[in-house]
Amino acid sequence: MIRVAILGSTGSIGRSTLEVIERHPDRFEVVALAANQALEPLALQVQRHRPRVAVLSKEKGLRGRNDLPQARWMEGREALLEITESPDVDVVVNALVGSVGLEPTLQTLLAGKRLALANKESLVAGGKLVVAAAKRGGGELIPVDSEHSAILQCLEGYERESVKRLVLTASGGPFRGWSAEQLRDAHPSQALNHPTWSMGDKITVDSATLANKALEVIEAHFLYGIDYDSLGVVVHPQSIVHSFVEFVDGSVLAQLGFPTMELPILYAMSYPERVEDRSLQTFDPVKASPLVFEEVDRDAFSLFSLGERAGRAGGTSPAVFNAANESAVEAFLQESIGFPQMTEVVSEAMDRLGRHPVESLEQVLDVDREARAISCELISILKGKESKRKS
Ligand code: MG
C-alpha cells in the first residue's frame with residue numbers, strides 16, 4: 001500500500017489525485033490532506049477520504065472550529081512540514097499553488113521521500129535548491145505535469161548521454177494563430193476558454209499567453225539537467241502528443257494519450273509501474289487525425305519569449321518572472337490591465353530586480369515578495385492610465 005499525502009488537495013490537481021486514489025483503494029491510501037485556506041472544501045474531503053491528518057496551511061485558520069470531521073487537525077506552515085517528514089507518508093503530492101510550495105518540496109526530498117511535483121514555483125524559482133535537496137536527501141522527484149511526465153516515460157531505460165534534445169508540446173491555447181495586434185483586445189473570458197485542457201483559472205490564462213510553456217521549459221531544464229539550447233517547444237493543438245525526446249542517433253520517442261491530468265498523476269504515484277485504469281480514456285489515432293505541429297509565434301506571445309529569456313539568464317530571474325507573471329495574470333483577470341500589459345509588467349519587474357545567484361530558500365522567497373510588490377505598483381500605474389484613457 002502506497003501512503004499518499006496531498007498538499008493542495010482542494011485545487012484542480014488535488015481533486016484529480018483524490019479521484020485517482022479512490023479508484024485504486026487496494027494500492028493507494030490517503031493519509032494526509034492539506035489546503036491553503038479553503039477550509040470548507042477540505043472538511044468535506046476529510047469526511048469522505050478519512051485521512052489521519054488534515055492541515056490548513058493558513059496560520060490561525062482553524063480558530064474556534066470544533067465541528068470539523070474526525071482527523072488530527074493542524075494549521076500553519078510548520079504543520080505542512082510535519083507531513084513531509086512523517087514516517088507514515090510514502091509519497092507527497094505537492095499541488096500547492098505559489099511559492100508556499102517550495103519549502104515542502106525541499107523538505108520532502110531531504111526526507112528521502114518520493115515527491116510527485118505539480119507546484120511550478122518549486123523548480124522555476126528554486127530549481128537549484130531543489131536539485132541540491134534531492135541529491136542530499138535522496139528523495140525522488142517525479143513530475144506530475146503532462147509534458148514532463150511524457151519526457152520521463154520516453155527517457156525510461158536510456159542513459160542521459162544518448163539524449164540530444166527535448167521538445168515540449170504546447171496546445172497553443174485559445175489564441176493560437178492570433179497576431180500581436182489581435183491580442184491587444186483579448187478579453188479574460190476568451191483566455192479562460194481553453195480548447196483541450198480543463199484547469200484552474202491562473203494556469204488557463206498562462207496557457208493562453210504561453211507563459212506556462214516558458215515555465216515548463218525552465219522546469220525541464222532543472223528536472224532533466226538539459227541546457228536551454230537543447231530544449232525546444234512546438235505548438236500541437238490536439239494535445240495528444242505530450243512531448244518528444246530526440247536521441248543522438250536521430251530517433252525520436254513521443255508519449256501520446258488523451259489529454260487528462262489523471263494519467264500523469266497516476267503514473268507519478270505508481271512509477272515505474274503501470275497500473276490498469278479503465279476510467280482513463282485512451283486515444284484513437286484515426287479519430288485524432290490529423291495531428292498538427294506548428295512553430296511558436298514568439299512575437300505575438302511575448303510572455304513566452306520573456307520567460308525563455310528569464311530561464312537562460314538563470315539565477316533569480318525565473319523567480320521574478322514567475323511572481324510578476326502571477327500578479328499580472330491576476331490583474332488581467334480582474335480587468336485592471338489588458339492582455340499586452342501583462343508583458344509590460346513582467347518585463348519592467350525583471351529589469352528593476354536584475355539577476356542574482358540563487359543561494360537560499362529565504363532569498364528566493366524574498367525575491368518572490370519583492371517581485372510581487374513591484375508588480376502591484378506597476379499594475380496600479382497602468383490601471384490609472386487605463387481608466388484615464390477610458391474616461
Ligand atoms: Mg503542462
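Start at 1 and go down the list; that is how both ligands and their atoms are numbered.
- Ring-centre distance between Phe339 and Phe175: below the 6.0 Å cut-off.
- Ser302 and Thr343 share a donor-acceptor pair across their side chains, judged by distance under 3.5 Å alone.
- Not one N or O on the side chain of Thr10 forms a donor-acceptor pair closer than 3.5 Å with the backbone of Pro41.
- Scored by the side chain to side chain donor-acceptor pair (under 3.5 Å) test, Glu85 finds no partners at all (sequence neighbours excluded).
- When each of Glu219, Glu308, Glu147 is tested with Lys213 by the rule salt bridge (Lys or Arg N to Asp or Glu O under 4.0 Å), just one qualifies, namely Glu147.
- Protein N/O/S atoms closer than 2.8 Å to the Mg ion (ligand 1): Asp145 OD1, Glu147 OE1, Glu216 OE2.
- Remark: Ser347 OG to Phe321 CZ distance equals 10.5 Å, nearest 0.5 Å.
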